[in-house]
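I have placed the structure first, in the form of structure tokens, so that the comments after it can refer back to it.
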Amino acid sequence: MAGRFPLRSVTSSGHALDLGLTLGPLRRGPYDPTFQVAPDGSVWRATRTPEGPGTLRVRAHGAEVTADTWGPGAAWLDENLPALLGAEDDPASFVPRHKLLLATHRRRPGLRLTRTGLVLESLIPSVLEQKVTTTEAYGSWRRLVRQYGEPAPGPAPEGLHVMPDARTWARIPSWEWHRANVDDKRAATIVHAARVAPRLEEAARMPPPEARRRLELVPGIGPWTSAETVQRSNGAPDEVTTGDLHLPGIVGWALAGDRTADDATMLELLAPYAGQRHRAARLILLSGRTPPRRAPRFAPNDIRSL
């Protein structure tokens with residue numbers, strides 16, 4: 001299926017959509033098997049919809065987007081494309097109250113907050129990212145998707161894969177989690193989530209705070225993971241991530257010159273942006289204003305040799 005979609009409902013102020021900024025949070029590392037960016041700037045995305053596997057190719061043309069879809073999930077992808085591209089987002093409601101955010105907001109007019117309408121595809125990689133380096137988490141995601149997923153339908157680029165379905169995630173043997181460098185706690189969390197996947201997918205249609213409460217009923221899913229999930233699945237502009245190792249210091253440094261800020265301080269600094277705190281945090285990260293590094297990066301921990 002193919003079509004051209006006007007972006008008037010997606011953009012405000014007449015600005016073109018920035019696909020990289022809008023869809024970038026769905027990419028788990030430069031070698032994510034479910035996400036590729038072609039040389040012509042088009043974005044390829046393979047996903048598992050409620051109607052089955054689907055492949056999406058989307059490209060922005062100024063005030064329009066051209067999209068092509070393949071597979072059993074093609075119709076679902078077509079129907080949900082506007083939300084994916086930020087049609088339900090309202091960046092005009094964001095009022096910058098700091099010079100840094102005002103400047104970044106003006107420099108990034110094409111940023112929209114995506115809403116995928118899918119929970120498990122964002123929840124599982126977020127669980128994999130718990131308390132490990134992104135390099136470790138991306139490697140685990142890549143190995144598991146390639147091993148247990150399936151090639152994307154349609155004339156997709158080589159290597160593009162659809163992630164496994166919930167039943168497959170729940171049945172991955174313990175030794176395969178180990179080979180993928182995933183410890184028992186994170187593996188158990190993913191298995192628990194996969195076993196109640198239908199109930200978790202319902203959260204995509206709930207108000208974000210309610211959706212987070214639903215997700216946090218699963219053992220091993222806390223505020224960090226639920227926020228990282230609903231930001232993507234629900235397009236939640238106010239669900240700021242807490243419990244992150246770096247974000248409070250980055251926000252504290254950007255807004256108050258305080259690199260020692262904790263979650264409480266970060267939330268206090270973001271209070272003027274109530275309703276838009278996640279967007280404010282995204283803009284701070286996009287500003288590039290981060291505190292100077294004082295310690296070396298954490299070394300990846302490979303459990304496969306244990």
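FYI, the numbering just counts along the sequence from 1. Values below: all heavy atoms of this structure, side chains included; hydrogens, waters and symmetry mates excluded.
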message: Checking Leu285 against Ile250 for the side chain to side chain contact (heavy atoms under 4.5 Å, CB included) test, could you report, in this order, the C-alpha distance in whole Å, the side-chain angles of both residues, the deciding distance, and whether it holds?
response: CA-CA 8 Å; Leu285 292 172; Ile250 293 173; 3.9 Å; yes

Q) Just wondering, more than 12 heavy atoms not from Arg107 lying within 6.0 Å of its CZ? A) yes

> Is there a chain of hydrophobic side chains (I, L, V, M, F, W, Y, each step under 4.5 Å between heavy atoms) that links Leu286 to Leu100?
Replying inline: no

Inset, instruction - May I ask you to test the Leu144-Trp177 pair for a side-chain heavy-atom distance under 4.5 Å? - result: yes

Here the gap from Arg212 atom CZ to Leu217 atom CG, rounded to the nearest 0.5 Å, amounts to 13.0 Å

For this session: May I ask you to test the Thr114-Leu85 pair for a side-chain heavy-atom distance under 4.5 Å?
Result: no

Got Leu23 and Phe35 here, is their nearest side-chain heavy-atom distance under 4.5 Å? yes

Taking every heavy atom of Gly86 against every heavy atom of Arg112, the minimum-distance pair comes out as CA-CB, 3.8 Å

Note to self: Same cluster or not: Val65 versus Leu21, using hydrophobic residues (I, L, V, M, F, W, Y) connected whenever any side-chain heavy atoms lie under 4.5 Å apart?
What the structure shows: no

| field | Flag for Ser122-Glu228: side-chain donor and acceptor within less than 3.5 Å | value | no

With a 4.0 Å cut-off on N to O distance, would you call Arg213 and Glu216 a salt bridge? no

Q. Going through the distances and angles, do Val58 and Thr66 end up as a side chain to side chain contact (heavy atoms under 4.5 Å, CB included)?
A. CA-CA 6 Å; Val58 59; Thr66 300; over 6 Å; no

message: Looking at Ala204, is its backbone amide N or carbonyl O close enough to the side chain of Arg115 to form a donor-acceptor pair, meaning the two atoms are under 3.5 Å apart?
response: yes

Side chains of Leu247 and Asp263 in contact at under 4.5 Å (non-hydrogen atoms): no

(Q) What I'd like to find out is whether the side chain of Tyr273 reaches to under 4.5 Å of the side chain of Val95, using heavy atoms alone. (A) no

Report yes if some heavy atom in the side chain of Trp70 is under 4.5 Å from a heavy atom in the side chain of Leu56; otherwise report no.
no

* Asked: For the side chain of Arg259 and the backbone of Trp253, is there at least one donor-acceptor N/O pair under 3.5 Å apart?
  -> no

Would a hydrophobic clustering, with Ile, Leu, Val, Met, Phe, Trp and Tyr connected at side-chain separations under 4.5 Å, put Val230 with Leu113?
-> no

Query raised in the report: Can you check whether Pro164's main-chain N or O pairs, donor with acceptor, with Thr168's side chain at less than 3.5 Å?
Result: no

Distance-only donor-acceptor check, side chains Asn181 and Ser140, under 3.5 Å: no

Look at the side chain of Thr49 and the backbone N and O of Glu51, then say whether any donor-acceptor pair between them is shorter than 3.5 Å.
-> yes

What one should report as the nearest heavy-atom pair of Thr189 and Gly220 is OG1-CA, 3.4 Å

- Message: Is there a path of hydrophobic side-chain contacts, each under 4.5 Å between heavy atoms, that joins Trp224 and Ile221?
- Response: no

So, are Arg27 and Asp32 salt-bridged, with charged N and O less than 4.0 Å apart? no

Glu201 and Leu120 have their tightest heavy-atom pair at OE2-N, 3.0 Å

Between the CZ atom in Arg167 and the CD1 atom in Ile172, the distance rounded to the nearest 0.5 Å is 13.5 Å

What one should report as the nearest heavy-atom pair of Asp183 and Lys185 is OD1-N, 3.0 Å

Is it true that the side chains of Asp244 and Thr241 contain a donor and an acceptor less than 3.5 Å apart?
no

- Are the charged groups of Asp89 and Arg279 less than 4.0 angstrom apart, N to O? yes

So, does Asp18 use its side chain to make a donor-acceptor pair with the main chain of Gly110 at under 3.5 Å?
-> no

Glu268 atom CD, over 12 foreign heavy atoms within 6.0 Å: no

Under 3.5 Å, is there a donor-acceptor pair between the side chain of Asp258 and the main chain of Thr260?
yes

Value for CG (Leu101) from CG (Leu255), rounded to nearest 0.5 Å, stands at 6.0 Å

Is there a donor-acceptor pair under 3.5 Å between the side chain of Arg57 and the backbone N or O of Trp44?
-> no

Check your understanding: Does Ser226 use its side chain to pair, donor to acceptor, with the backbone of Pro223 at less than 3.5 Å?
Key -> yes

Can you tell whether the side chains of Arg214 and Glu210 come within less than 4.0 Å, N to carboxylate O?
no

Practice task
Please determine if Arg28 and Glu129 form a salt bridge, counting it only when a charged side-chain N lies under 4.0 Å from a carboxylate O.
Solution key: yes

In terms of heavy-atom contacts, Ala180 and Arg143 come closest through CA-CD, 3.6 Å

Nearest heavy-atom contact between Ser93 and Gln276 is OG-NE2, 3.1 Å

In this structure, OG1 of Thr47 is separated from CG of Leu26 (nearest 0.5 Å) by 9.0 Å

Q.
Counting C-beta onward and ignoring hydrogens, is there a side-chain heavy-atom pair between Val43 and Gln36 closer than 4.5 Å?
A. no

d(Leu111 CG, Leu17 CG) to nearest 0.5 Å is 9.0 Å

Any heavy-atom pair between the side chains of Val162 and Pro153 that's under 4.5 Å?
yes

| query | In the single-linkage hydrophobic clustering (I, L, V, M, F, W, Y; side-chain heavy atoms under 4.5 Å), do Val145 and Val132 co-cluster? | reply | no

Do Glu121 and Arg45 meet the salt-bridge criterion of a basic N to acidic O distance under 4.0 Å? yes

Run the side chain to side chain contact (heavy atoms under 4.5 Å, CB included) test on Leu102 and Arg106 for me, step by step, so that the C-alpha distance in whole Å, both residues' side-chain angles and the decisive distance to 0.1 Å come before the verdict. CA-CA 6 Å; Leu102 176 62; Arg106 286 177 174 173; 3.6 Å; yes

- Message: Tell me whether Glu176 is salt-bridged to Arg171, with the criterion being a basic N under 4.0 Å from an acidic carboxylate O.
- Response: no

| message | Pair Trp141, Ile124 - check side chain to side chain contact (heavy atoms under 4.5 Å, CB included), show working. | response | CA-CA 9 Å; Trp141 171 250; Ile124 290 175; 4.0 Å; yes

dist Leu270:CG -> His98:NE2 (nearest 0.5 Å) comes out at 8.5 Å

